Amino acid sequence: MNPIVADEIRASGDQATPAYGHVVGPDVDISHRAILYLEDITVSFDGFKALNKLTLTIDSAELRCIIGPNGAGKTTMMDVITGKTRPDGGTAFFGQTIDLTALTEAEIAHAGIGRKFQKPTVFEQHTVFENLELAMKIDKRVLHSLIAELDANQKDKIAMTLELIQLTSLAGRLAGLLSHGQKQWLEIGMLLMQEPKLLLLDEPVAGMTDDETARTIELLKTLSGKHSMVVVDHDMDFVAQIANKVTVLHEGSVLAEGGMDAIQRDPRVIEVYLGR
């Protein structure tokens, strides 16, 4: 789960926490169009370079797909972006001014980066509606939670998110009773409740039925242009249906980048990935 959710749910003490719907942290400066800059990022584990001078730029409102063979560095890249892993070298900026390498995981989440892991993480003993409510930016201290009631705007926000993720009819169902695909959509909805500026989605259609995959494609196309998104996946049919630009990682670096047609014809990509 995104650290901002767990962090706020555990929050206690006298410090004020943000009101519903308010994005915590500084505004992201995208005056140069790009929302994410990675330059010469290097990460080594026991001498193995998981990332090797990785350089990548994601534009604001772009949906970028990242593909590559196992061990290419895709997960490590997302770990660096979200603060889970500190790079040995290189720079990582959110917008023009926010140095991601200087922030904690929770601070990065507050700044506006949301991450969905491959395995959905939801509160299974709470309803779909309650999961979205818990994901909202709100004072999560015990006393406030006992007395707070949602106002009309907050209820409307949850209702719009339920409609977007196509779970309106299941709002009162326990999350633990949802199908795998429905849990994936719910977790995306929980991230959207935090109003992220950049969404990182790790294999969002893994394990889904064909119908669930089609609905996920529809959801991501709806979000495209409104949110900056980085999608990591191995399903080439899925990637081809959502991506305008694809980045191929290999041995911790960018091997190729461009439209899906060009990527599929690239002999280097065929050799190290598509041909396998």
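The structure displayed is predicted, hence computed values, not measured ones. For the single chain, residues carry numbers from 1 onward in sequence order.
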(message) Testing the basics here: between Asp59 and Ile35, what is the closest heavy-atom pair and its distance to 0.1 Å?
(response) O-CG2, 3.9 Å
(message) For the OG1 atom of Thr121 and the NZ atom of Lys116, what is their distance to the nearest 0.5 Å?
(response) 8.0 Å
(request) Kindly give the heavy-atom pair with the smallest separation between Leu170 and Leu178, and that separation in Å. (result) CD1-CD2, 4.0 Å
(request) Could you grab the distance from atom OG1 of Thr161 to atom CG of Asn131, nearest 0.5 Å is fine? (result) 12.5 Å
(message) side chain to side chain contact (heavy atoms under 4.5 Å, CB included) for Val269 and Leu255? Distances and angles first, verdict last.
(response) CA-CA 7 Å; Val269 179; Leu255 175 67; 4.3 Å; yes
(message) If you define the side chain from C-beta out and look only at heavy atoms, does anything of Ile58 sit under 4.5 Å from Val230?
(response) yes
(message) Show every side-chain hydrogen bond (donor to acceptor under 3.5 Å, both in side chains) that has at least one partner inside residues 234-243, sequence neighbours left out.
(response) His234-Tyr273
(message) If you define the side chain from C-beta out and look only at heavy atoms, does anything of His250 sit under 4.5 Å from Pro69?
(response) yes
(request) State whether Asp79 and Arg115 are salt-bridged, where the test is any N-O pair (Lys NZ or Arg NE/NH1/NH2 against Asp/Glu carboxylate O) under 4.0 Å. (result) yes
(request) Could you walk me through whether Glu257 and Val246 pass the side chain to side chain contact (heavy atoms under 4.5 Å, CB included) test, one step at a time? (result) CA-CA 6 Å; Glu257 201 166 74; Val246 179; over 6 Å; no
(request) State plainly whether one hydrophobic cluster holds both Leu174 and Leu186, where clusters connect Ile, Leu, Val, Met, Phe, Trp and Tyr through side-chain heavy atoms under 4.5 angstrom apart. (result) no
(request) For residues Glu251 and Val272, determine if any side-chain heavy atom of one lies less than 4.5 Å from a side-chain heavy atom of the other. (result) no
(message) Out of the candidates Thr76, Leu36, Ile41, only one should pair with Ile81 under the side chain to side chain contact (heavy atoms under 4.5 Å, CB included) rule; please name it.
(response) Leu36
(message) Are Leu164 and Val205 linked, directly or through intermediate hydrophobic residues, by side-chain heavy-atom contacts shorter than 4.5 Å (ILVMFWY only)?
(response) yes
(request) Please indicate whether Glu163 has more than 12 foreign heavy atoms, meaning atoms of other residues, nucleotides or ligands, lying under 6.0 Å from its CD. (result) no
(message) Counting C-beta onward and ignoring hydrogens, is there a side-chain heavy-atom pair between Ser228 and Lys197 closer than 4.5 Å?
(response) no
(message) Testing the basics here: between Ala135 and Gln194, what is the closest heavy-atom pair and its distance to 0.1 Å?
(response) O-CG, 3.3 Å
(request) Decide yes or no for Glu133 and Leu150: does some side-chain heavy atom of the first lie under 4.5 Å from some side-chain heavy atom of the second? (result) yes
(message) With rounding to the nearest 0.5 angstrom, report the CG to CG distance, Leu132 to Leu192.
(response) 9.0 Å
(message) Do Met160 and Met193 sit in one hydrophobic cluster, given that two such residues count as connected whenever their side-chain heavy atoms are within less than 4.5 Å of each other, even indirectly?
(response) no
(request) Measure the spacing between CG of Leu200 and CZ of Arg64 and express it to the nearest 0.5 Å. (result) 12.5 Å
Anything under 3.5 Å between a donor and an acceptor, one on a side chain of residues 89-99, the other on a protein residue two or more places apart or in another chain? List them.
residue, atom, partner, partner atom, Å
Gln96, OE1, His32, ND1, 2.9
Gln96, NE2, Tyr37, OH, 2.6
Asp99, OD1, Thr101, N, 3.0
Asp99, OD1, Thr101, OG1, 2.6
Asp99, OD2, Thr101, OG1, 3.3

(message) Listing request: all side-chain hydrogen bond (donor to acceptor under 3.5 Å, both in side chains) pairs with a residue in residues 213-225, at least two apart in sequence or in separate chains.
(response) Gln166-Arg215, Trp185-Thr216
(request) Ignoring hydrogens and angles, tell me if any N or O in the side chain of Thr209 forms a donor-acceptor pair with the backbone of Glu212 under 3.5 Å. (result) yes
(request) With rounding to the nearest 0.5 Å, note down the distance linking CE in Met229 to CG in Leu198. (result) 10.0 Å
(request) Write down the atom of Ala243, the atom of Cys65, and the distance for their closest heavy-atom approach. (result) CB-SG, 3.5 Å
(message) One pair to check against side chain to side chain contact (heavy atoms under 4.5 Å, CB included): His126 and Leu134. What are the steps and the verdict?
(response) CA-CA 9 Å; His126 290 272; Leu134 286 168; 4.2 Å; yes
(request) Kindly give the heavy-atom pair with the smallest separation between Lys183 and Ala175, and that separation in Å. (result) CE-O, 3.3 Å
(message) Any salt bridge linking Glu203 with Lys74? Criterion: basic side-chain nitrogen under 4.0 Å from a carboxylate oxygen.
(response) no
(message) What I want to find out is whether Glu39 reaches Lys53 closely enough, with some N-O distance under 4.0 Å, to be called a salt bridge.
(response) no
(request) Could you tell me whether the side chain of Leu162 reaches within less than 4.5 Å of the side chain of Val128, counting heavy atoms only? (result) yes
(request) Nearest 0.5 Å please: distance from the OG1 atom of Thr85 over to the CE atom of Met77. (result) 12.0 Å
(message) Any salt bridge linking Glu195 with Lys157? Criterion: basic side-chain nitrogen under 4.0 Å from a carboxylate oxygen.
(response) yes
(message) Are Ile113 and Leu199 packed together at the side-chain level, in the sense that at least one heavy-atom pair is separated by less than 4.5 angstrom?
(response) no
(message) Is there a continuous path of hydrophobic side-chain contacts, each under 4.5 Å between heavy atoms, that joins Leu249 to Phe45?
(response) yes
(request) Kindly indicate, with the supporting measurements, whether the criterion side chain to side chain contact (heavy atoms under 4.5 Å, CB included) is fulfilled by Asp40 and Leu54. (result) CA-CA 5 Å; Asp40 291 336; Leu54 173 66; over 6 Å; no
(message) If I compare all heavy atoms of Gln182 with all of Leu167, which pair ends up nearest, and what's the gap?
(response) O-CD1, 3.8 Å
(message) Between Gln154 (side chain only) and Asp151 (backbone N and O only), is there a donor and an acceptor less than 3.5 Å apart?
(response) yes
(request) Report yes if some heavy atom in the side chain of Ile67 is under 4.5 Å from a heavy atom in the side chain of Thr247; otherwise report no. (result) no
